[in-house]
Amino acid sequence: MKWQLTKPPVRGDYYAPLNYVLTRQPPATSSVTREFSTMKFTVMITSHCGDFNAPCNDVSYLGVRKSDNSVMTLKGKTLQSSAGEVVGAEFVNGNVNYKVDYKPVKLTVSEGGRVLVNQAGQWVN
């Protein structure tokens, strides 16, 4: 919606802008979940910022190990390229770093400088 003041008031003070534009934003409470699978894990990534490919500091990780169905949940944020494009997400648990690359999808888990998991995957949905 656009507003343009066509004729300013003649008397008194007024505080309205001459031009104003209102735009609709997606609800901040919406979330989008995508799931991927690697050889040993099934992982669901949820962006709580309204769009999966939008920069977000409120991203959830739910990982399930296929061998014993143990579950890991983490909070994290998206990772961006130098051009500002979302390229993945990062989650930290103590000194263990969980990184998910989106294109192509890959899970990398590292502790310090040591890589514990490095597995390519496929998006399920």
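Nothing here was measured: the structure is a model prediction, and the numbers come from that model.
The OG1 atom of Thr23 sits 11.5 Å away from the NZ atom of Lys2 when rounded to the nearest 0.5 Å. The structure places CD of Glu35 at 9.0 Å from CG of Leu62, a figure rounded to the nearest 0.5 Å. In this structure, CD1 in Ile45 is found 11.5 Å from OG1 in Thr78, a value given to the nearest 0.5 Å. For the atom pair OH (Tyr61) and CG (Asn93), the distance works out to 10.0 Å, reported to the nearest 0.5 Å. Atom CG of residue Asn95 and atom CD of residue Glu111 lie 4.5 Å apart, to the nearest 0.5 angstrom. To the nearest 0.5 Å, atom CD of residue Gln119 and atom OG1 of residue Thr108 are 9.5 Å apart.
When the options Val87, Val86, Val59 are evaluated for a side-chain contact (heavy atoms from CB on, under 4.5 Å) with Leu79, the one that passes is Val87.
By the 30° and 60° cut-offs, the orientation of the rings of Trp123 relative to Tyr102 is perpendicular.
Other residues, nucleotides and ligands contribute more than 12 heavy atoms inside 6.0 Å of the NZ atom of Lys66.
When side chains are defined from C-beta on, Ser60 counts as touching Lys75, because their heavy atoms get closer than 4.5 Å. In this structure, the side chains of Val117 and Lys40 stay at 4.5 Å or more apart for every pair of heavy atoms. In this structure, the side chains of Val64 and Asn69 come closer than 4.5 Å at one or more pairs of heavy atoms. Using a 4.5 Å heavy-atom threshold, the side chains of Val109 and Phe41 count as separate. Side-chain contact between Thr46 and His48: present, with at least one pair of heavy atoms (C-beta onward) separated by less than 4.5 Å.
Distance alone, capped at 3.5 Å, places no donor-acceptor pair between the Gln80 side chain and the Pro55 backbone. Between the side chain of Ser70 and the backbone N or O of Arg65, no donor-acceptor pair lies under 3.5 Å.
Of all non-hydrogen atoms in Phe91 and Asn97, the two that sit nearest each other are O-OD1, 3.3 Å.
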With side chain to side chain contact (heavy atoms under 4.5 Å, CB included) as the criterion, how do Val100 and Phe36 come out once you've worked through the C-alpha distance, each side chain's angles and the decisive distance to 0.1 Å? CA-CA 10 Å; Val100 177; Phe36 71 91; 3.6 Å; yes
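No continuous path of hydrophobic side-chain contacts links Met44 to Val105 [ILVMFWY only; heavy atoms under 4.5 Å]. Hydrophobic clustering of Ile, Leu, Val, Met, Phe, Trp and Tyr side chains at less than 4.5 Å, counting indirect connections, keeps Val32 apart from Val124. In this structure, Val92 is not a member of the same hydrophobic cluster as Met72, with clusters built from ILVMFWY side-chain heavy atoms closer than 4.5 Å.
Ser110 and Lys99 are not linked by any side-chain donor-acceptor pair at a separation below 3.5 angstrom, with hydrogens and angles left out of the test.
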